[in-house]
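In what follows, a single structure is set out as structure tokens and then discussed.
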Amino acid sequence: MPAYALFVREKLADPAEFKKYSEVVAETFKGFPAKILAAYGKQEKLEGTEPDGVVIIEFPDAASARAWYESPAYQKAAEHRWKAGLYNVVIVDGV
């Protein structure tokens, strides 16, 4: 069953750190079966607080999503994201 990694940015605090993250994150997908479905595109808030940005990444299953997220390459890149802003990150199973 497919699974999706969702990154919801609530607030960008450090654009320079986000730029560093953006420059290295693509390399972290090498060897992982991931498909980026949305990345900081135009959004329309229907309810609640509008996030600053959303990323949706499809994986064949939750184990693949977690393997990518926990990989040394992504964890190194994520250090920049953690400094860049406030995020909520979840993996959700598809149907």
Side-chain angles (χ1 to χ4, degrees):
M1 151 182 350
Y4 304 89
L6 293 111
F7 291 73
V8 180
R9 186 173 67 203
E10 298 301 324
K11 180 180 179 183
L12 179 64
D14 189 334
E17 284 294 333
F18 183 73
K19 184 176 186 300
K20 290 176 188 176
Y21 174 72
S22 297
E23 291 169 350
V24 298
V25 72
E27 287 291 314
T28 71
F29 291 107
K30 288 187 176 178
F32 290 95
K35 180 179 179 184
I36 298 172
L37 302 178
Y40 302 104
K42 181 182 175 191
Q43 58 191 29
E44 178 182 352
K45 179 187 81 126
L46 300 177
E47 294 184 28
T49 303
E50 184 170 9
D52 186 53
V54 177
V55 175
I56 304 170
I57 309 164
E58 182 179 51
F59 291 87
D61 51 47
S64 298
R66 182 167 286 283
W68 165 76
Y69 180 82
E70 292 178 346
S71 71
Y74 183 71
Q75 288 298 300
K76 185 174 180 182
E79 291 177 12
H80 297 293
R81 182 177 57 78
W82 298 329
K83 294 174 187 175
L86 178 61
Y87 280 80
N88 291 303
V89 180
V90 298
I91 295 171
V92 61
D93 284 337
V95 292

Closest contact, heavy atoms only, Met1 versus Asp93: SD-CB, 3.6 Å
Please name the pair of heavy atoms, one in Ala39 and one in Val55, separated by the smallest distance, quoted to 0.1 Å. CA-CG2, 4.0 Å
If you measure from CD on Gln75 to CH2 on Trp68, what distance do you get to the nearest 0.5 Å? 9.0 Å
Test side-chain contact (heavy atoms from CB on, under 4.5 Å) applied to Tyr74 and Val25, step by step: CA-CA 7 Å; Tyr74 183 71; Val25 72; 3.8 Å; yes
Give the cluster check for Phe59 versus Val92: same hydrophobic cluster or not, with ILVMFWY residues linked at side-chain heavy-atom distances below 4.5 Å. no
Please enumerate all residues that pass salt bridge (charged side-chain N to carboxylate O under 4.0 Å, His left out) together with Glu27, with sequence neighbours excluded. Lys30
Salt-bridge test for Lys20 and Glu17: reply yes if a basic N is under 4.0 Å from a carboxylate O, no otherwise. yes
Least distance between heavy atoms, Ala65 atom then Ile91 atom: CB-CD1, 3.8 Å
Contacts of Glu79 meeting side chain to side chain donor-acceptor pair (under 3.5 Å) (sequence neighbours excluded), chain-then-number -> none
What heavy-atom pair brings Asn88 and Glu10 nearest, and what distance separates the two atoms? ND2-OE2, 3.2 Å
Check: Ala3 main-chain N/O paired with Glu58 side-chain donor or acceptor under 3.5 Å: no
Where Glu23 and Lys19 come nearest, the two heavy atoms and their spacing: OE2-NZ, 2.5 Å
Single-linkage hydrophobic cluster Ile56~Tyr69, side-chain heavy atoms < 4.5 angstrom: no
Gap separating the OH atom of Tyr87 from the CH2 atom of Trp82, nearest 0.5 angstrom: 12.5 Å
List the residues meeting side chain to side chain donor-acceptor pair (under 3.5 Å) with Ser71, not counting sequence neighbours, and say none if there are none. none
Is it true that Val89 and Phe32 fall in one hydrophobic cluster, defined by side-chain heavy atoms closer than 4.5 Å? yes
Quick check: closest heavy atoms across Phe29 and Ala34, and the distance to 0.1 Å? CD2-CB, 3.6 Å
If hydrophobic clusters are built from ILVMFWY residues whose side chains come within less than 4.5 Å, do Val90 and Phe7 share one? no
cation_pi(Arg9, Phe18) dist<6.0 Å, angle<=45: yes
Is Val54 reachable from Ile57 through a run of hydrophobic residues whose side-chain heavy atoms are each under 4.5 Å from the next? no
